[in-house]
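Structure, as structure tokens:
The basis for the numbers below is simple: all heavy atoms, side chains too, and nothing from hydrogens, waters or symmetry mates. Lettering follows sequence order; numbering is per chain, from 1.
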Number of protein chains: 2
Amino acid sequence: MSGDEQPSTTTEGILKARLSSPGLLLALLGQSAMRRLRAAHNAVGLTPRQFQLLALLHDHGPMGQRELGKRMGVDPSILVTLLNPLEADGLLSRERDAADRRRHIVHLTDVGARQLTRAALAQQEAEDLLFAALDERQREDLRRLLLALRASLAPAFASAEETPEC
Amino acid sequence: MSGDEQPSTTTEGILKARLSSPGLLLALLGQSAMRRLRAAHNAVGLTPRQFQLLALLHDHGPMGQRELGKRMGVDPSILVTLLNPLEADGLLSRERDAADRRRHIVHLTDVGARQLTRAALAQQEAEDLLFAALDERQREDLRRLLLALRASLAPAFASAEETPEC
DNA sequence: TATTGTTATACTCTATAACTATA
DNA sequence: TATAGTTATAGAGTATAACAATA
């Protein structure tokens with residue numbers, strides 16, 4: 001309440017929380033996690049985004065690129081750069097929608113499904129190392145909190161009936 | 001234990017957890033968080049990494065670039081690209097160590113401290129929006145879990161007595 | 001005119017290796 | 001020879017805008 005060496009409690013509180021605020025921790029540790037997952041996915045010829053893409057196709061079935069982009073929260077232009085090599089490798093196929101010839105319906109192939117399983121196993125190993133210091137209870141708590149966060153952020157990506165997975 | 005439509009429980013468990021595993025959630029939501037924090041920091045002329053850098057100097061006092069890089073978990077070569085514009089803007093100063101003329105000791109200036117406070121406020125606003133759906137208890141739980149994770153990952157960056165902040 | 005998908009360009013962040021100056 | 005810092009180059013990921021084909 002006085003003195004020139006005594007900052008206000010409010011400002012000091014913010015200053016003290018800078019490096020350990022949940023937002024900055026999430027951003028920086030997320031970067032670290034992404035690096036590890038990328039190494040795991042790269043080992044089987046995928047990127048994390050391509051893994052997410054294949055997993056969405058597996059969980060929700062074939063869909064158009066617009067919907068795929070919305071569920072992933074990425075621009076359609078980025079989607080193309082993810083899809084092209086996957087199609088070239090036969091992990092998925094793009095087929096014109098007979099009802100609306102503008103649309104390309106993306107299908108997961110059997111080869112793609114098998115590759116997805118390999119990548120999932122590699123990812124699991126990477127996560128076990130990443131979260132080695134956290135017990136099962138802590139991992140589940142973290143998962144639940146992040147799921148709640150994702151659900152709350154989803155509307156920003158989706159327009160209406162879509163349900164983005166991130 | 002039978003049938004061609006019945007995958008093993010283990011594989012199926014991994015497959016089901018793909019898109020909602022704590023690791024992928026952390027990686028993808030971290031990317032989202034980084035985007036928002038970057039917008040906040042950019043508004044006051046900084047990047048998230050530069051914010052982290054200034055905050056470290058504020059919390060731990062002047063230090064050499066090697067130590068700074070270790071605490072941030074980045075290569076010294078990246079550090080230079082972060083430091084140069086900050087020094088040009090007068091937010092910090094590099095001074096040769098008289099005892100070891102190879103070392104450059106980095107000091108936070110008063111201007112830098114004030115800019116750090118502005119950035120911290122902008123970051124706080126961004127985080128309030130980002131975590132709007134989480135109550136105080138959930139934010140604190142998340143913060144604690146991420147702090148535990150950071151502490152466990154620290155040894156990967158530091159060599160010995162260093163204590164990286166991320 | 002609006003929508004689906006594509007292409008082209010640029011920007012941010014990071015990793016790696018080669019370089020200098022000091023020790 | 002080893003270390004502190006610097007520079008140069010390349011790569012991954014993403015955002016933006018302009019474009020072609022179809023509705």
Restricting to non-hydrogen atoms, name the atom on A/S32 and the atom on B/L153 that form the minimum distance, rounded to 0.1 Å. OG-CD2, 4.4 Å

If you only use heavy atoms from C-beta on, which nucleotide in C/dT16, C/dA15, D/dT6 is closest to the side chain of B/D75? C/dT16

Shortest non-hydrogen contact between A/G69 and A/L79, atoms and distance: N-CD2, 3.7 Å

If you check every side-chain atom of A/I78, which of D/dT7, C/dC13, D/dT14 has the closest atom? D/dT14

Would you say B/L147 ends up clustered with A/L149 if hydrophobic residues are merged whenever their side chains have heavy atoms under 4.5 Å apart, either directly or through other cluster members? yes

Salt bridge flag under 4.0 Å for residues B/K70 and B/D75: no

Rounded to whole Å, CG of A/L83 lies from P of D/dT14 at a distance of 13 Å

Tell me whether the OP1 or OP2 atom of D/dT6 has a side-chain N or O from B/R94 closer than 4.0 Å. yes

Going by modelled atom types, is there a donor-acceptor pair between the base of D/dT3 and the side chain of B/R102 at under 3.5 Å? yes

Taking atom P of D/dA4 as reference, at what distance in whole Å does atom CG of B/L79 sit? 13 Å

DNA chain D: 5'-proximal contact among A/A98 and A/R38 (nearest heavy atom): A/R38

Between B/R35 and D/dG13, does any side-chain N or O lie under 4.0 Å from OP1 or OP2? no

With respect to the side chain of A/R103, which nucleotide from D/dA12, C/dC13, C/dT4 is positioned closest? C/dT4

Send over the distance from A/L68 CG to C/dT4 C1', rounded to a whole Å. 13 Å

Which residues share a ring pair (Phe, Tyr, Trp, His ring centres under 6.0 Å) with B/F51, sequence neighbours left out: B/H41

Integer-rounded Å distance: C/dT4 C1' and A/M63 CE: 16 Å

Quick one: closest heavy-atom pair of A/L28 and B/M34, and the distance? CD2-CE, 3.9 Å

Looking at A/R66 and C/dG5, is any side-chain donor or acceptor paired with a base atom of the opposite kind under 3.5 Å? yes

Rounded to whole angstroms, how far apart are NE2 on A/H104 and C1' on D/dT22? 10 Å

Please determine if a side-chain N or O atom of A/R49 lies less than 4.0 Å away from the OP1 or OP2 oxygen of D/dT14. yes

Going by modelled atom types, is there a donor-acceptor pair between the base of D/dT16 and the side chain of A/S77 at under 3.5 Å? yes

Spacing between B/E67 atom CD and D/dA4 atom C1', to the nearest angstrom: 13 Å

Looking across every strand, which nucleic acid part, if any, lies under 4.0 Å from A/D100 by heavy atom: base, sugar-phosphate, or nothing? sugar-phosphate

Closest of C/dT6, D/dA4, C/dC13 to the A/Q31 side chain is C/dC13

Within this structure, what is the CG-to-P distance between B/N84 and D/dG5, rounded to whole angstrom? 13 Å

Without decimals, in angstroms, what is the distance between B/M34 CE and D/dG13 C1'? 13 Å

If you check every side-chain atom of A/T47, which of C/dA15, C/dT22, D/dG13 has the closest atom? D/dG13

